[in-house]
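A short write-up of the structure that comes next.
Below, read A as the first sequence line, B as the second, and so on, with proteins coming before strands; counting in each chain starts at 1. Just so it is clear, the structure is predicted and the values come from calculations on it, not from any experiment. Just so you know, these numbers use all the heavy atoms, side chains as well, and skip hydrogens, waters and symmetry mates.
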There are 2 protein chains.
Amino acid sequence: MPPVPEAAISATADEIREAALEQFARDGYSATSMRDIASSVGIKAASLYNHFGSKEAILWDLTLTAFEELLRGRDSAMAKLPDNPSPEDRLACFVTSHVAFHARNSNQALLVNSQLAALTKTHYRKAVAMRAQYEATLREVIEEGVAKGVFSTTDARVTTFAILQMGMAVSGWFRPAGPLTVADLCNIYVELAAKMLTPLPLKCKE
Amino acid sequence: MPPVPEAAISATADEIREAALEQFARDGYSATSMRDIASSVGIKAASLYNHFGSKEAILWDLTLTAFEELLRGRDSAMAKLPDNPSPEDRLACFVTSHVAFHARNSNQALLVNSQLAALTKTHYRKAVAMRAQYEATLREVIEEGVAKGVFSTTDARVTTFAILQMGMAVSGWFRPAGPLTVADLCNIYVELAAKMLTPLPLKCKE
DNA sequence: TGCACAAACTAACGAGCGTTAGTATAGCAG
DNA sequence: CTGCTATACTAACGCTCGTTAGTTTGTGCA
């Protein structure tokens with residue numbers, strides 16, 4: 001009996017990851033069987049266990065990678081900001097990285113946003129903690145802007161959710177072959193987010 | 001053998017609907033078994049077939065009802081507007097009914113927004129058509145406002161998605177026992193949507 | 001009182017599930 | 001050439017799934 005690998009690294013393991021990610025994102029974890037995944041890779045279900053210890057281990061591997069890439073994208077984008085960036089710049093930076101991730105990695109985004117409930121309790125808690133840490137970044141940006149008087153909002157928490165969620169939804173409908181580039185898309189969402197936080201009064205004329 | 005009912009109307013059928021709606025929304029259609037639903041109601045799985053022809057028939061019954069209530073909510077809200085309402089009023093009216101539905105009927109909202117893929121092809125197409133009709137309402141409001149010059153947007157389609165989606169997300173986190181009433185929540189989202197569509201320039205001072 | 005019918009039950013079906021055991025095979029290190 | 005390791009296979013396990021058949025039970029009407 002081969003030992004159960006903790007984190008499989010091989011060409012086959014990567015094919016399994018790719019096939020499982022697509023099917024978990026499209027059909028859901030519990031509607032996808034080990035036999036489905038195996039046949040996408042061209043092997044039998046039992047052979048999956050040479051690479052992953054269980055079905056949930058595949059989901060957790062994919063979930064962890066997705067969160068790492070999401071957080072890394074945020075970090076590398078925010079690191080490029082100048083010293084003492086304005087809240088407006090920090091907001092634009094976060095929203096751009098947020099929307100770009102959800103546009104470019106739609107399967108990872110769908111996984112992270114709708115399949116966490118299938119994880120074991122331990123893994124689920126870790127995933128929720130990573131998500132909370134990610135969401136807190138935007139909330140801090142918004143609260144800093146409010147404190148400095150450049151943003152205005154009736155409810156910072158709700159506005160945070162609203163901006164996060166409108167970006168997440170991109171993973172559900174955006175297609176690279178469509179009329180918009182990822183850069184176009186990011187600019188649209190940056191503008192929408194900025195307007196949501198603009199201080200009143202909004203109109204100058206009349 | 002009892003006849004297979006097309007649309008079951010009885011106290012037990014309603015208990016089945018309630019239990020199935022909750023579990024489909026929370027755990028997903030394919031992670032919920034007929035035995036799970038039956039035991040919530042206090043009967044055996046086989047007895048469910050006295051009320052519904054199949055598992056998918058339960059899902060379709062719930063989906064249809066949810067869409068009907070969503071569309072009815074929109075219609076009755078829009079009907080209360082005065083003659084020749086302004087685009088701002090129509091926007092506020094739609095967003096209020098949208099957010100109120102997703103706050104008050106979170107299970108129905110979750111069902112409609114994430115379990116359509118489990119329907120048969122025929123039912124799925126009907127559901128998507130109802131959703132498209134619903135979404136078109138907001139898009140028309142936005143486009144009318146843009147045409148009249150009271151709204152401004154870089155991309156009406158994306159802005160429509162953004163407003164719809166930030167409201168849908170309410171079903172995932174809002175709890176009536178929390179700090180906000182449904183009316184508070186609606187007002188916050190109406191303000192956010194209005195700001196998203198406000199014509200530039202946004203700032204008066206400086 | 002007896003009949004009818006709705007709605008519950010038990011039992012079981014064939015299929016598919018995640019998973020394990022045991023085996024075959026190919027490539028590489030000694 | 002030999003043996004080890006990685007990775008595939010076949011076969012099967014115990015279990016759960018949606019669903020059906022046939023039976024029992026209780027209620028309300030003739």
Side-chain angles (χ1 to χ4, degrees), chain A residues 1-21 23-24 26-63 115 117-124, chain B residues 1-21 23-24 26-63 115 117-124:
Chain A
M1 183 179 60
V4 172
E6 284 212 3
I9 40 168
S10 76
T12 305
D14 276 344
E15 286 182 63
I16 294 168
R17 271 182 263 262
E18 192 185 330
L21 175 60
Q23 296 184 64
F24 288 167
R26 190 187 55 224
D27 306 324
Y29 176 79
S30 65
T32 302
S33 74
M34 292 297 264
R35 287 165 179 84
D36 289 336
I37 297 167
S39 89
S40 293
V41 180
I43 61 178
K44 300 293 176 181
S47 302
L48 294 172
Y49 292 84
N50 287 319
H51 303 278
F52 294 92
S54 68
K55 186 186 178 188
E56 195 266 352
I58 303 178
L59 177 63
W60 177 234
D61 179 289
L62 295 170
T63 303
Q115 301 301 321
L119 292 166
T120 62
K121 222 169 267 185
T122 305
H123 290 158
Y124 178 78
Chain B
M1 183 179 63
V4 172
E6 285 212 3
I9 40 168
S10 75
T12 306
D14 276 343
E15 285 183 63
I16 293 169
R17 272 182 263 262
E18 190 184 331
L21 175 60
Q23 297 184 65
F24 288 167
R26 189 185 57 224
D27 306 324
Y29 176 80
S30 65
T32 302
S33 73
M34 293 297 265
R35 287 166 179 82
D36 290 335
I37 298 168
S39 90
S40 293
V41 180
I43 61 177
K44 302 292 175 183
S47 303
L48 294 172
Y49 292 83
N50 287 319
H51 303 278
F52 294 91
S54 69
K55 187 185 178 188
E56 196 265 353
I58 302 178
L59 178 64
W60 177 234
D61 179 291
L62 295 170
T63 302
Q115 302 300 322
L119 293 167
T120 62
K121 221 169 266 182
T122 305
H123 290 157
Y124 178 78

Nearest 0.5 angstrom please: A/Thr63 OG1 to A/Glu56 CD, how far?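 If I round to the nearest 0.5 Å, the distance is 8.0 Å.
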[N] phosphate, OP1 or OP2, under 4.0 Å from [X] side-chain N/O:
{"X": "B/His51", "N": "C/dA6", "answer": "no"}
{"X": "A/Lys44", "N": "D/dC9", "answer": "no"}
{"X": "B/Ser47", "N": "C/dC9", "answer": "yes"}
{"X": "B/Ser54", "N": "D/dG18", "answer": "no"}
{"X": "A/Ser33", "N": "C/dG16", "answer": "no"}

Between [N] ([atom2]) and [X] ([atom1]): distance, integer Å:
{"X": "B/Phe52", "N": "D/dT19", "atom1": "CZ", "atom2": "P", "answer": "13 Å"}
{"X": "B/Gln23", "N": "D/dC17", "atom1": "CD", "atom2": "P", "answer": "11 Å"}
{"X": "B/Asp27", "N": "D/dT16", "atom1": "CG", "atom2": "C1'", "answer": "16 Å"}
{"X": "A/Ile16", "N": "D/dA8", "atom1": "CD1", "atom2": "P", "answer": "7 Å"}
{"X": "B/Ile43", "N": "C/dA7", "atom1": "CD1", "atom2": "C1'", "answer": "9 Å"}
{"X": "A/Arg35", "N": "D/dA11", "atom1": "CZ", "atom2": "P", "answer": "14 Å"}
{"X": "A/Glu56", "N": "C/dT19", "atom1": "CD", "atom2": "P", "answer": "9 Å"}
{"X": "A/Lys55", "N": "C/dC17", "atom1": "NZ", "atom2": "P", "answer": "9 Å"}

For A/Tyr49, is the NZ or CZ atom of A/Lys55 found under 6.0 angstrom from the centre of its six-membered ring and inside 45 degrees of the ring axis?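 A/Lys55 over A/Tyr49 ring: no.
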Does A/Lys44 reach the main-chain N or O of A/Ser39 with its side chain, forming a donor-acceptor pair under 3.5 Å?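 Not at all, since once roles are kept as given, no pair shorter than 3.5 Å links the two residues.
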Selected nucleotide, minimal atom distance to B/Tyr49 side chain, candidates D/dT20, D/dC9, C/dG18: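 The listed nucleotide nearest to B/Tyr49's side chain is D/dT20.
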Could you please name the option among C/dT10, C/dT20, D/dT19 that lies closest to any side-chain atom of B/Met34?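 When the side chain of B/Met34 is considered, D/dT19 is the closest of C/dT10, C/dT20, D/dT19.
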Kindly say whether, by distance alone, the side chain of B/Asn50 makes a donor-acceptor pair under 3.5 Å with the base of C/dA6?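 A donor-acceptor contact between them is absent.
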With a 4.0 Å cut-off on heavy atoms, is A/Ser30 in touch with a base, just the backbone sugar-phosphate, or nothing at all?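 The answer is nothing, as A/Ser30 stays clear of every strand by at least 4.0 Å.
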May I ask you to check whether A/Asn50 and A/Ser47 show a side-chain donor-acceptor distance below 3.5 Å?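 Not at all, the side chains of A/Asn50 and A/Ser47 share no donor-acceptor pair under 3.5 Å.
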Please determine whether the number of non-hydrogen atoms from other residues, nucleotides or ligands lying under 6.0 Å from atom CD of A/Glu18 exceeds 12.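 Check fails, neighbour count at 12 or below.
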